[in-house]
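These notes are about the structure you will find just below.
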2 protein chains.
Amino acid sequence: MDTLWPENSSIESFAEAFPIQADSLFRELYFYFRSQIKVQREEPAIRNLAIIFKATFKLSSQKGFHGMSLRDLSSETNISMGGLYNYISCKEDLASMIVEFVGARIGGQIYTDTAIATGNNIELKLDQTIRALVYTADIFQPWFFFMFMEAKNMSPSNRLRAKEFELRAIKNFGAVITEYQEGKVAGDTDPLLTASTLMAAVEAWYLKQWHYSENKITITDYADYCVALTRKLL
Amino acid sequence: MDTLWPENSSIESFAEAFPIQADSLFRELYFYFRSQIKVQREEPAIRNLAIIFKATFKLSSQKGFHGMSLRDLSSETNISMGGLYNYISCKEDLASMIVEFVGARIGGQIYTDTAIATGNNIELKLDQTIRALVYTADIFQPWFFFMFMEAKNMSPSNRLRAKEFELRAIKNFGAVITEYQEGKVAGDTDPLLTASTLMAAVEAWYLKQWHYSENKITITDYADYCVALTRKLL
DNA sequence: TGCAAAATAGCGAACGTTCGCTCTTTATTC
DNA sequence: GAATAAAGAGCGAACGTTCGCTATTTTGCA
């Protein structure tokens, strides 16, 4: 890779600048929840957490979180019922951990990180904030899919967390748009409405990935498209 | 109302031109499924079907279809367990009937009806097709919400039906876009990508209505916005 | 029109199954 | 051999579904 993010716009350079590879994610998750996880030896803990959450994403995407029984999860992971309960204290814990971890791990970081990286080049900041949103949605696809689909079925506190996560994204991105519009002459369009539309396009990516892969649209294509889309709206 | 659809663009004139009022909907649904519904007397059947499906939409939106038990449904509707089974033969029937009815009732009608109403005025056709999509999404909000959220948890055949319903919408709207682009000089943008983006915006309306009502955006505002959005993309 | 008889609609307890979860026992690791 | 992790049988509750019954409405005959 000759240049680096944010000058280089590829997902590879993005992933290198903000290391959120799926591999290290469950290590982070383990240390984040270490106090409430019974298994203390690091090696099996991280390995099994990865297995458990990947299986949760898979089964939930097939039949929903409610429709997935812990026996399903047990046979999918080859971990016994008792084994599972060394990692969670109840089924809802799986949902809690996903929502809480995503909220803490991603949160507003995208905006501050991109702002720092792009300095006072406002056009670049807008473009790369959009790309960062699309790339993050791609890397966290199973996580975001789960949160979107299951939010309404969760406990009130988790539902609230998931909703606030989305609202914060719209608000933060709306602020980037406003900043961009202030430097321009035109632009009477509502920043929040534009932000909602862009978010809907990002959601479409992680909710209906099959649709885009069938039509041979890559993540980089789609990020470019989202940038062009937003530009045309402003 | 001084003028009529499609010259008058309000949702009221649309609803008058295409009578899909919620009231008469369950009468239609009853006759559509009459052969598989045990209750033969029209009066209680239509009344109870309306009660049952409205409650299904309510409870499913709160805790998901899987999370809603038939005991929940029984106490919400004040219809006993045995009573419910005079209208369905199994729980999955509720989902089947929703998906099947929406597919049959709405299907491609929007496009043919709008095409007839707008004649060979291609610009008007594009605009009013978009408005028809938004207005239909609003009128059928609980139905579409249910289909979107529960599709992945349904039986394979129902899941397929729900997916095809969406794909058909994108394809049909893509054809309207192509026709519009052919009459213009510019326009190298992919019609299917534009159609997907518009569909994502329509989905946002029926999936997150709370978000728009909180910001005091009416359905007419939003339809206008979607028209402007699509125009800017072409 | 009035009344018994038939047909239909609604009810709710009970069935077998599956659920989330617990707890004692066995296996693994250092 | 002490400590930790995994195992899986077992628990009560709740699930979708069934079924024998009651209540209501319609029908057939005077």
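We name chains A, B, ... by the order of the sequence lines, and we start the count at 1 in each one. Because the structure is predicted, anything quoted here is derived from the model rather than measured.
- The separation between Y85(A) atom OH and dC23(C) atom P is 12 Å, rounded to whole Å.
- E150(A) has no carboxylate O lying under 4.0 Å from a charged side-chain N of K91(A), or vice versa, which leaves the two without a salt bridge.
- At the phosphate of dT18(C), neither OP1 nor OP2 sits under 4.0 Å from any side-chain N or O atom of S69(A).
- For L70(B) and dT18(C), the CG to P distance is 17 Å, given to the nearest whole Å.
- Between L84(B) atom CG and dC11(C) atom C1' there is a gap of 11 Å when expressed in whole angstrom units.
- Between M68(B) atom CE and dT17(D) atom P there is a gap of 11 Å when expressed in whole angstrom units.
- For F26(A) and Y30(A), the gap between ring centers reaches or exceeds 6.0 Å.
- Nearest heavy-atom pair across V99(A) and N158(A) is CG1-O, 3.9 Å.
- Under the 3.5 Å distance criterion, with hydrogens and angles disregarded, a donor-acceptor pair is assigned to the side chains of T197(A) and Y225(B).
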Polar atom pairs between nucleotides 4-8 of chain D and protein, under 3.5 Å, N or O only, would you list them?
residue : atom : partner : partner atom : Å
dA5(D)  : OP1  : Q40(A)  : N            : 2.5
dA5(D)  : OP1  : R41(A)  : N            : 2.6
dA5(D)  : OP2  : K38(A)  : O            : 3.2
dA5(D)  : OP2  : Q40(A)  : N            : 3.4
dA6(D)  : OP1  : N48(A)  : ND2          : 2.9
dA6(D)  : OP2  : Y87(A)  : OH           : 3.2
dA6(D)  : N7   : N86(A)  : ND2          : 3.4
dA7(D)  : OP2  : S80(A)  : N            : 3.0
dA7(D)  : OP2  : S80(A)  : OG           : 3.4
dG8(D)  : N7   : G82(A)  : N            : 3.3
dG8(D)  : O6   : G82(A)  : N            : 3.1

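- Less than 6.0 angstrom separates the ring centroid of F165(A) from the ring centroid of F144(A).
- For S80(A), there are no side-chain hydrogen bond (donor to acceptor under 3.5 Å, both in side chains) partners, not counting sequence neighbours.
- Note: NZ (K91(B)) to P (dT18(D)) measures 15 Å, nearest angstrom.
- Here the C1' atom of nucleotide dA9(C) and the CD1 atom of I46(B) are 15 Å apart, to the nearest Å.
- I88(A) has its CD1 atom 7 Å from the P atom of dC21(C), to the nearest Å.
- At whole-Å resolution of the value, CZ in R71(A) and P in dT17(C) are 14 Å apart.
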